[in-house]
Participant: 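Okay, here's the structure, questions in a sec.
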Amino acid sequence: MRSDVKDKIEKTLKKIIKDFKKDVDFVVLPSEKEEFGDFYTNISFKLADKENPPQKLAEIIKQKISSDLKGIIKKIETKNGFINFFIDEDIYRENILKIFQNGKEYLKENIGNGKKILIEFVSANPTGPLTIAHGRQAAYGESLSRILKFSNFDVTKEYYINDAGRQMELLGESLKARYYQLKGIEYEIPEDGYFGDYLIDIAKKIKEVKDDKNFFIEFAFNEILQDIKKDLKSFGVSFDNWVKESEFIKNKEVENVLNILKNKNLIYEKEGSLWFKTTVFGDDKDRVVVKKDKTYTYLATDIAYHKYKIERNFEVIINIVGPDHHGYIPRLKASVTSLGFNPNNFIVLIVQLTTLYRGKEKLRMSTRKGQFITLRQLIDEIGADATKFFFLFRKIDSHLDFDIEVAKKQSSENPVYYLQYAYVRLKHVIEFAKEKGYEFEGEQFQIDLLNNEEEIELMKRIWKFNEIINNVVKTYGVHLLAEYLLDISKLFHSYYQKYRIVGDEKELTYARLVLIKSLLVVFELSLNLLNISLPERM
RNA sequence: GCGCCUGUAGCUCAAUAGGAUAGAGCAUCUGCCUUCUAAGCAGAGGGUUGCGCGUUCAAGUCGCGCCAGGCGCACCA
């Protein structure tokens, strides 16, 4: 496996670094260019001083290590002070043979060691349909969860429902207004209420108004939540838990946690309200938890929610949020820290906004005013896979521009189809081979017949898979996997065009089929991790 | 005013802990279907990485200062 080889190089270098009586940090990284081999290290730069320039040290180090890495490294070269390692190609061949034999299990690496992680994401308020911003968070959160799970983290996906407070009342009032308006009775939507047309559709579903002051709230809430769940489902996103804010009020957990903080001297009264001393933990100012009217702020219930997260013994708590919640992070950090959780294991990932365009027109979004393109509309217009891929192959920090016109027009040129097409071709080649009588049972494969430039390049890329997954886990950069797959697709399409896989030479055909089959494993797995579907044909 | 994010090819974006000559796709131009799917392939052009200083053997990447855009800065959620 790739990471094993890298480890070996690192260990060997660490061993010889002792001879230099200097403790320095160095890296072993994949080379960017063919001529620099598969890995390079900058160790000689780190060890260099006036008497010993990097070029000289590189030579010395090279002499010291070459015998240690026999069987793995074909040759070592020094250039400009760097040391470049060229992997023995048999390593690649062995790798694809293992994948061919064991499938995706062979690609699994135990990075997480069963560590319990909670990932809370989307958590859109049940006051309207999911927007494109939620879509990006949903696509990202789902894929990240899948990758972490594959790497042996014990992942729990959670959605927090804000079903308490003033926003819900406004929602109820807005629905009530729409209901009476439909009856021809004049009734105004509150000024800061919800003006979206979706409430008209929901109002139409009301057959009978029950005599309950919460009737409209509950009706709207249930309808909207149901829609949210439906949209997520058609987007391939699922959750293990749905946690309701209102529960923490009902079961007195908010009261309870505020008492705990009171006992820690972190709560005080001022101007008729209760304040949480978040400044103790680095926030700009203290925050209100109980308002003058004696109701809780959002923060109060959120502290209770995070206590609930901590109680379930998660080692790492990840919150995926939009940039509008950025100012809120110090408060949350203060909350978990005050409850005894290590703030370094509390990770807030901010997914930047997507700006929608229709041609040149920039679309401004506002849930309350009812002006927005919903995730549903986007899925209907562009397709779930294409929409997801648009989100996934950019890193979350980028503020991305999404032109609906372009996405629609180019739907068949969207990169996602390029990947899927490669997958379909791979599958088809294997089917075709079977029709021609190529069965895999009991064969001895001469995989050293895989020796042209393209084949070695493809095998190298397959060998790189683990490194990509490692990087995704380390940086939470799901886009790295999407890019990897795009890259490998390109190589495959090119290879497919240039060489005949199922040909007349039996041994060569078998060797190539091993390559194709291992590629298929990588594709199936990667597309699954990205939550993109595997078409049968295109 | 303060905080976070962003600024890279005409457009949309990459570039692992700072590494060697900054890469893809789209768009543009030129070629390729009698053989495993042309939603494909081969080739070409396209750059002062917003600007300036600094740190370093080495800066798109780190630090400081500007400029531009996005999002926040509630007893809303």
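Numbers restart at 1 for each chain; the letters A, B, ... are given by sequence-line order, proteins then strands. No hydrogens, no waters, no symmetry mates; every other heavy atom, side chains included, goes into these values. Small disclaimer: the values here were computed from a predicted structure and weren't measured.
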Participant: What interatomic distance, in whole Å, is found between P of B:G65 and the corresponding atom of B:C2?
Facilitator: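 My reading of the P atoms in B:C2 and B:G65 gives 10 Å.
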Participant: Looking only at the side chain of A:Tyr328 (C-beta and beyond, no hydrogens), which of the listed nucleotides B:A20, B:C36, B:A77 gets closest?
Facilitator: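 Side chain of A:Tyr328 sits closest to B:A77.
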Participant: Is A:Asn162 touching bases, backbone alone, or none of the nucleic acid, heavy atoms closer than 4.0 Å?
Facilitator: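 Sugar-phosphate contact only - A:Asn162 comes under 4.0 Å of backbone atoms but never of a base.
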Participant: Using a 4.0 Å heavy-atom cut-off across all strands, classify A:Arg500 as base, sugar-phosphate, or nothing.
Facilitator: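 Contact class for A:Arg500: base.
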Participant: Using the C1' atom as the point on both nucleotides, what is the distance between B:U30 and B:G50, in whole Å?
Facilitator: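 Straight-line distance between the two C1' atoms is 35 Å.
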Participant: Assign A:His479 to base, sugar-phosphate, or nothing according to its heavy-atom contacts below 4.0 angstrom with the strands shown.
Facilitator: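 Sugar-phosphate contact only.
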Participant: How is A:Leu353 classified with respect to the nucleic acid when contacts are heavy atoms under 4.0 Å: base, sugar-phosphate, or nothing?
Facilitator: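 Since only primed, P, OP1 and OP2 atoms lie under 4.0 Å of A:Leu353, the category is sugar-phosphate.
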Participant: Between the side chains of A:Arg166 and A:Asp192, is the shortest nitrogen-to-carboxylate-oxygen separation below 4.0 Å, so that they form an ion pair?
Facilitator: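 A salt bridge links A:Asp192 with A:Arg166.
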Participant: Expressed in whole Å, how much space separates the C1' atoms belonging to B:A17 and B:G52?
Facilitator: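 Rounded to whole Å, the distance is 27 Å.
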Participant: Indicate, yes or no, whether a donor-acceptor pair under 3.5 Å links the base of B:A20 to the side chain of A:Asn84.
Facilitator: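 Result: at least one qualifying N/O pair found.
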Participant: Partner lookup for B:G54, please. Criteria are Watson-Crick or G-U wobble with both distances under 3.5 angstrom; report none if nothing qualifies.
Facilitator: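 Looking at the geometry, B:G54 pairs with B:C62.
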Participant: Which nucleotide in the set B:G70, B:C41, B:C36 lies at the smallest distance from any side-chain heavy atom of A:Phe432?
Facilitator: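 The answer is B:C36.
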Participant: Under 4.0 Å, heavy atoms only, any strand: does A:Pro53 hit a base, just the sugar-phosphate, or nothing?
Facilitator: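 Contact class for A:Pro53: none.
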Participant: Determine the Euclidean distance between corresponding P atoms of B:G54 and B:U12; express it in Å to zero decimal places.
Facilitator: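 Here B:U12 and B:G54 have their P atoms 33 Å from each other.
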Participant: For the rings on A:Tyr140 and A:Phe391, is their centre-to-centre separation under 6.0 Å?
Facilitator: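 Ring-ring flag for A:Tyr140/A:Phe391: false, centres at least 6.0 Å apart.
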Participant: Test A:Phe82 against every option in A:Phe36, A:Phe26, A:Phe45 by the ring pair (Phe, Tyr, Trp, His ring centres under 6.0 Å) rule and name the one that passes.
Facilitator: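 Filter result, single survivor: A:Phe45.
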Participant: Checking base pairs now: Watson-Crick or wobble, both atom distances under 3.5 Å. What partners B:G3?
Facilitator: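 Here B:G3 is engaged in a pair, and the nucleotide opposite it is B:C71.
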Participant: Quote, to the nearest angstrom, the C1' distance that separates B:A14 from B:U56.
Facilitator: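 Roughly 25 Å separates the two C1' atoms.
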Participant: Does A:Val289 reach a base, just sugar-phosphate, or nothing at all? Heavy atoms under 4.0 Å.
Facilitator: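 Nothing, no nucleic acid heavy atom in range.
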Participant: Of the listed nucleotides (B:C5, B:G23, B:A38), which one gets closest to any side-chain atom of A:Gln352?
Facilitator: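 Out of B:C5, B:G23, B:A38, the nucleotide with an atom closest to A:Gln352's side chain is B:C5.
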Participant: Taking the chi torsion of B:A17, is it syn (within 90° of 0) or anti (everything else)?
Facilitator: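 You should classify B:A17 as syn.
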Participant: Between the side-chain atoms of A:His493 and the base atoms of B:C41, is any donor-acceptor pair under 3.5 Å?
Facilitator: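 Side chain to base: no pair below 3.5 Å.
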Participant: Check A:Arg358 with A:Glu381, please: is the shortest side-chain N to carboxylate O separation under 4.0 Å?
Facilitator: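 Answer for the salt bridge query: yes.
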Participant: Taking side-chain contact (heavy atoms from CB on, under 4.5 Å) as the criterion, tell me which of A:Thr295, A:Leu299, A:Thr301 meets it with A:Thr297.
Facilitator: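 The passing option is A:Leu299.
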Participant: Considering only side-chain heavy atoms of A:Ser494, which listed nucleotide, B:U12, B:U6, B:A42, is closest?
Facilitator: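 Given the options B:U12, B:U6, B:A42, the side chain of A:Ser494 is closest to B:A42.
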Participant: By centroid distance (under 5.5 Å) and plane angle (under 30°), are A:Phe36 and B:A20 in a stacked arrangement?
Facilitator: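 Here the ring of A:Phe36 and the base of B:A20 are stacked, with centres under 5.5 Å and planes under 30°.
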Participant: Over all strands shown, is A:Thr475 touching base, sugar-phosphate only, or nothing at heavy-atom distances under 4.0 angstrom?
Facilitator: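 If one applies the 4.0 Å heavy-atom cut-off, A:Thr475 turns out to touch the sugar-phosphate alone, with no base involved.
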Participant: Provide the Watson-Crick or G-U wobble partner of B:A42, both distances under 3.5 Å; none if there is no partner.
Facilitator: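 Per the H-bond distance test, B:U30.
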Participant: If we require ring centres under 5.5 Å and near-parallel planes under 30°, does A:Phe82 stack on B:A20?
Facilitator: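 It does: the two rings, one from A:Phe82 and one from B:A20, meet the stacking criterion.
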Participant: Considering only atom C1', compute the distance from B:A15 to B:U35 and round it to an integer number of Å.
Facilitator: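 After rounding to an integer number of Å, I get 40 Å for this pair.
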Participant: Give a yes or no on this: more than 12 heavy atoms of other residues, nucleotides or ligands lie within 6.0 Å of atom CD of A:Glu191.
Facilitator: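 No, the 6.0 Å shell around CD holds no more than 12 heavy atoms from other groups.
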Participant: Looking at every strand, decide which applies to A:Lys79 at a 4.0 Å heavy-atom threshold: base, sugar-phosphate, or nothing.
Facilitator: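 Base: the residue A:Lys79, judged by heavy atoms under 4.0 Å, touches a nucleobase.
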